[in-house]
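The block underneath contains the structure these notes are about, expressed in structure tokens.
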Amino acid sequence: ESILNTVLSIIEYRKKVDFDLDYVVINDGSVDRTKEILDSHDLNAVHLVMNLGIGGAVQTGYKYALEKGYDIAIQYDGDGQHDIESLPCLIEPLLSGVADFTVGSRFLEDSNSEFQSSTTRQVGIRILSALIFMTSKIRIKDVTSGYRAANKKVISQFVGRYPSQYPEPESYMHLFAKNIRVKEVGVRMFERETGTSSINLFKGISYMISVSLAILFSAIMGGKRS
């Protein structure tokens with residue numbers, strides 16, 4: 001329901017910037033009308049023949065970025081949650097060379113985001129943030145944010161290896177193990193326009209346990225490699 005408006009907002013925003021801004025939709029084996037909508041409006045897309053899950057879909061995007069030789073790859077959700085007007089804040093640390101990877105955050109003081117997710121989800125995010133800090137000494141407040149940007153160095157790394165089950169929080173451990181410079185920046189986010197989260201209370205408990213173990217395992221393996 002939201003993919004057309006999301007892409008059109010990006011296309012419209014391209015008129016405002018002084019750099020080349022491209023896009024690609026990763027259609028992860030959807031069984032609804034997404035492909036029909038994309039094709040009927042001649043929108044640029046990669047149609048996966050089967051559902052790979054969020055990790056496989058995002059890695060496909062990074063592979064596309066590598067093949068196209070892009071300087072920066074930006075992850076951008078298709079459900080209307082991300083604000084295209086926040087893009088300059090997200091990529092500025094990469095352009096200035098102070099970071100290799102940035103994450104758009106709702107929880108920093110310089111964020112103008114009124115939407116900050118449900119209370120239950122915020123508690124889970126804080127727990128994961130604390131766990132990542134305990135294992136890496138690096139603080140990322142909005143660890144589940146999907147609004148992220150990577151330079152060429154990180155694009156190449158994610159093409160070779162990208163976590164499949166818990167890509168946002170787990171990928172930070174992979175980056176830290178390679179001494180990748182990560183910076184969190186304040187952005188604006190909105191409540192999703194359509195659809196519902198796939199994580200309910202019971203799934204949320206299972207998710208927290210599983211992702212916590214994944215973070216710990218990644219930290220241990222990263223320590224052994226270093």
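What you are looking at is a predicted structure, and each value in this text was computed from that prediction instead of being measured.
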Could you check whether any side-chain N or O of [X] sits under 3.5 Å from a backbone N or O of [Y], counting only pairs where one atom can act as donor and the other as acceptor?
{"X": "R181", "Y": "G97", "value": "yes"}
{"X": "Q75", "Y": "V58", "value": "no"}
{"X": "N44", "Y": "Y23", "value": "yes"}

Greater than 12 external heavy atoms within 6.0 Å of D32's CG: yes

Side chain proximity check, M189 to S86, heavy atoms < 4.5 angstrom: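 Side-chain contact under 4.5 Å: no.
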
What pairs with S171 under side-chain hydrogen bond (donor to acceptor under 3.5 Å, both in side chains), at least two apart in sequence or on another chain?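 S171: side-chain hydrogen bond (donor to acceptor under 3.5 Å, both in side chains) contacts with R148.
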
Under 3.5 Å, is there a donor-acceptor pair between the N5 and S2 side chains? no

Hey, are Y147 and D77 close enough side-chain-wise for a donor-acceptor pair under 3.5 Å? no

Which word best sums up how the rings of Y76 and H82 line up, parallel for under 30°, tilted for 30 to 60°, or perpendicular for over 60°? perpendicular

Can you name the side chain to side chain contact (heavy atoms under 4.5 Å, CB included) partners of S129, sequence neighbours left out? R139, V143

Run the side chain to side chain contact (heavy atoms under 4.5 Å, CB included) test against A73 and tell me which residues pass, sequence neighbours left out.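 Scan of A73 (side chain to side chain contact (heavy atoms under 4.5 Å, CB included), adjacent residues dropped) gives Y62, A65, I155.
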
With rounding to the nearest 0.5 Å, note down the distance linking CG in D142 to CD in E184.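 Atom-to-atom, D142:CG and E184:CD are 6.0 Å apart.
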
Once rounded to the nearest 0.5 Å, what's the spacing between atom NZ of K16 and atom CG of L21?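 One finds 12.0 Å between NZ of K16 and CG of L21.
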
Is the closest basic N to carboxylate O distance between D22 and K68 below 4.0 Å? no

